[in-house]
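Here is the structure we will look at.
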Amino acid sequence: MAQGLNPAQEAAVEHGDGPLCVLAGAGSGKTRVLVHRIARLVERRVWPQEILAVTFSNKAAGEMRERLNAMLGTSARAMWIGTFHATCARLLRLHGERVGLTRDFTIFDDDDQMRLATALLKEEGLADSLTPRTLVSLIDRAKNRGEDPARLGGPTYAYDLVARLFPRYKSALEREDAVDFNDLLLKVLELADDPEASPLIGGRFRHVLVDEFQDTNLVQYRLVRHFVRESRNLTVVGDDDQAIYGWRGAEPRNLLDFELDFPDAVVVKLEQNYRSTSVILGAANGVIARNVDRHEKTLWTDNAGGEPVLWEEAQDDRAEADFIGRAIRGLESQEGRSWSDVAILYRTHSQSRVLEEALRIHRIAYRIVGGVSFFQRREIKDIRAYLRLVLNPSADSCFERVVNQPARGIGDTTIERVKAHARLASISLLDAARSCSHGAVTTLKPTARKKLAAFVDIIDGLRQVQAAGASVSELIIQAVERSGYRERLAIEDSPEARDRLANLGELVSMAADFDDEREGKGTLTEFEERISLASALDEQDGRAAQAVTMMTIHAAKGLEFPVVFVCGMEDGLFPSLRPRDMEDEKKSLEEERRLAYVAFTRAKERLVLTSARMRRQWAEVKLNPPSRFIDDIPVEHLAVRERPTAPPRPPAGSLVRARSDRSPPGSDNGSNRMTPWASPRPARHVESGADDFDQRVFEDDFPAYQIDAGANGSDFAAGTTVRHDAFGTGRVLEVRGSGKDQKLLIDFATVGLKTVLARFVSTD
DNA sequence: TATTCGCACTTTTTT
DNA sequence: AGTGCGAATA
């Protein structure tokens with residue numbers, strides 16, 4: 001083995017027992033090292049079931065398992081490979097009874113957590129003093145640090161409220177046999193403190209390897225230390241320059257100070273980058289070099305040269321997206337690149353919408369990673385709630401979610417009475433509903449009782465199906481059917497309803513895959529767990545492989561693409577410059593810088609940066625200067641596209657701004673102009689002063705800012721023909737309101753009737 | 001009880 | 001600009 005490894009990599013792979021710290025630069029082949037090292041351990045007769053490899057995503061875990069399967073065959077199947085959360089969930093399935101969990105405990109995701117928080121605040125009448133978001137994030141923050149949220153106290157009133165509410169939060173989870181994400185880890189830590197369970201945790205693993213160690217938080221580090229308490233065989237791999245989860249409580253110090261805790265640790269540095277061209281690496285190094293708080297390291301590469309990094313400063317966000325669309329088309333036609341070679345990265349999910357539109361216009365297939373994930377869809381969550389209720393009758397939050405979903409005539413008053421009864425008798429809502437249906441509460445009318453009985457019957461029926469040994473996919477089909485969900489959607493028969501039905505079908509086929517994989521032996525609990533722990537990153541399906549990938553920079557960690565676009569390179573957006581509470585400004589700017597470093601180093605061959613002078617953010621127009629990170633890129637590596645001195649059709653005067661003075665000198669002499677791989681523009685559109693580098697076609701698709709004319713004066717009258725950027729032209733049928741919020745009912749030629757804000761259309 | 005409309009809130013990043 | 005919630009209405 002060890003074919004084609006450099007000496008440093010080989011040292012890491014061949015390291016024997018004892019702590020090992022691998023400081024690995026971006027693209028230095030750390031995953032490869034990790035995989036080879038694990039394979040080597042097995043060759044050295046370490047039992048696969050005594051190896052734990054912790055990855056930062058399920059996707060990374062899957063890939064690692066695949067590679068090990070290829071190298072080792074079936075023995076790889078016995079290894080523990082997964083995220084901290086998945087690993088802890090597995091351990092808790094085995095030993096959870098010791099910390100108050102049954103075998104079928106459920107995991108509260110972000111959404112469930114928020115619902116609970118909302119309900120608690122409402123019950124306590126505190127909904128006005130604290131948002132659920134704040135409540136949840138303060139709880140999480142404390143837990144990330146291993147602190148007890150009930151002991152929060154501090155500068156603001158909010159802390160006291162959280163401390164007061166937390167016991168109720170906690171008992172709600174306990175009542176439902178559920179844990180939140182952080183509890184997953186904390187409960188295992190609890191196990192480690194339990195004298196009887198402790199050996200089960202501490203002695204279980206002979207070798208523990210942790211990837212992306214710079215992003216572990218205090219709790220995770222404690223966990224790792226318990227895992228290796230006996231063996232001391234710990235391998236950590238990471239790069240402090242890629243620490244981008246400070247907001248989640250990650251402590252890069254865990255990596256940097258590794259030798260303080262493990263003085264006998266061997267430290268290996270991987271500094272050769274195999275991924276990117278030297279130009280891209282130069283740009284990335286230029287940005288990261290300005291960070292003060294970091295370990296100096298020199299990442300180098302043999303891949304000399306490469307195309308310069310291209311920076312395009314577009315007029316606005318739409319033009320930016322359009323540029324990207326055309327550039328991808330150009331890459332396709334002139335370089336034969338396929339869409340799957342390309343990734344578009346952005347700082348926030350909200351940037352994706354405009355990009356989507358542009359890619360659709362250019363007929364480019366795309367795939368969005370993250371955002372509103374499949375599993376967060378309402379219909380999916382509803383059916384999952386039915387299933388959870390089957391697994392666990394005391395899952396009150398699930399009961400409330402679906403008792404009237406789809407609508408079956410069980411209204412608020414009925415639910416309130418059931419809840420009151422449940423509280424009084426201290427039983428679950430489902431049991432309360434059952435006894436109400438038998439007449440336990442006299443205020444309930446017979447009709448309400450019948451409806452409750454019908455609901456209870458659905459759940460009981462599903463439980464029988466499960467008890468009869470139905471597969472997971474069968475159970476889901478039954479749930480969709482018996483709940484009346486399918487019928488309801490079928491009757492509605494709107495595009496959305498069809499969409500939802502299709503999503504449910506997708507869930508069924510995922511379950512069928514799961515059933516096949518487990519040869520029919522997989523339990524509903526296992527399927528639920530997989531869904532709960534699946535991140536947006538993991539759910540990508542192979543079918544959409546021929547597509548451009550769009551995602552946040554965070555989600556791109558660990559991935560690589562031949563061509564990478566990083567858009568929204570503007571001060572205020574990236575770097576975000578958003579005041580973070582409890583974090584000082586310098587620190588968060590350094591994290592933003594590392595984020596830029598991660599973004600740039602995803603690119604193998606081409607890196608394109610784009611920014612917009614003007615950007616619409618929630619119906620507000622923002623003018624942001626270009627990102628300061630662009631200034632940090634060595635001038636010789638940066639190419640700026642030329643634009644015509646006089647655009648063919650300039651926008652309304654004041655909006656045309658002088659060209660940024662940040663354009664590096666030398667970009668004018670043509671020496672580092674980039675190959676214009678945007679698709680060729682018809683020659684007749686070229687004005688003097690324009691050149692091949694400018695591909696914009698103003699005639700077709702002029703951006704939207706002239707639109708305000710409509711809102712601030714000339715009111716629209718019914719009958720006027722107007723144009724809207726997305727919907728095309730149409731006739732105004734009705735005018736509602738005036739001024740900024742004036743709305744128009746318009747009959748569009750292509751899409752039919754729509755109500756639109758007046759300021760988004762223009763008279764032609 | 002279900003549906004519809006208007007209002008407020010939203011947007012940082014995720015296991 | 002989309003969502004979710006509460007009030008008003010059928």
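In this text the structure is predicted, and so the values were computed from the model without any measurement.
In this structure, of B/dA2, B/dT15, B/dT13, it is B/dT15 that holds the atom nearest to the side chain of A/Phe181. When each of B/dT15, B/dT13, B/dT1 is scored by its nearest atom to the side-chain atoms of A/Asp110, the top-ranked nucleotide is B/dT15. Listed nucleotides B/dA2, B/dT15, B/dT12 differ in distance to A/Thr83; the shortest reach to its side chain belongs to B/dT15. Here the side chain of A/Trp247 is nearest to one of B/dA2, B/dT3, B/dT14, namely B/dT14. Closest to the side chain of A/Arg378, from the set B/dT1, C/dG4, B/dT15, is C/dG4. The side chain of A/Arg353 sits closest to C/dG2 out of B/dT1, C/dG2, B/dT13. Picking from B/dT12, B/dT14, B/dT15 the nucleotide with the shortest atom distance to the side chain of A/His85 gives B/dT15.
A salt bridge is defined here as a Lys NZ or Arg NE, NH1 or NH2 lying under 4.0 Å from an Asp or Glu carboxylate O, and A/Arg133 with A/Asp110 meets this definition. Using a cutoff of 4.0 Å between basic side-chain nitrogens and carboxylate oxygens, A/Asp293 and A/Arg594 are not scored as salt-bridged.
Between the P atom of B/dT14 and the CG atom of A/Asn144 lies a distance of 15 Å, rounded to the nearest Å. Separating the NE2 atom of A/His349 from the C1' atom of B/dT10 is a distance of 14 Å, rounded to the nearest angstrom. For A/Arg115 and C/dT3, the CZ to C1' distance is 13 Å, given to the nearest whole Å. In this structure, NZ of A/Lys451 is placed 11 Å from C1' of B/dA2, rounded to the nearest angstrom. We find that NZ of A/Lys450 is positioned 17 Å from C1' of B/dT1, with the value rounded to whole Å. To the nearest angstrom, C1' of B/dT13 lies 15 Å from CD of A/Gln242. Put simply, CG on A/Asp140 is 10 Å from C1' on B/dT15, counting in whole angstrom units. For the pair A/Glu212 CD and B/dT14 C1', the interatomic distance rounds to 14 Å; values are reported in whole Å.
If you check every strand for non-hydrogen atoms under 4.0 Å, A/Phe84 touches nothing. Among the atoms of the strands shown, only primed sugar atoms or phosphate atoms (P, OP1, OP2) are found under 4.0 Å from some heavy atom of A/Thr414.
Nearest-nucleotide assignment on DNA chain B puts the 5′-proximal partner with A/Asn404, out of A/Thr552 and A/Asn404. For the pair A/Ser350 and A/Gln113, nearest-nucleotide mapping onto DNA chain B gives the more 5' position to A/Ser350.
Side chains of A/Glu356 and A/Tyr366: a donor-acceptor N/O pair is present below 3.5 angstrom, by distance only.
Of the residues listed (A/Lys381, A/Arg384, A/Arg401), the one engaging A/Asp112 in a salt bridge (Lys or Arg N to Asp or Glu O under 4.0 Å) is A/Lys381, and it is the only one.
Of the possible polar contacts, none joining the A/Asp215 side chain to the A/Glu212 backbone as a donor-acceptor pair under 3.5 Å is found.
Between A/Thr413 and B/dT1, a side-chain N or O to OP1/OP2 separation shorter than 4.0 Å is present.
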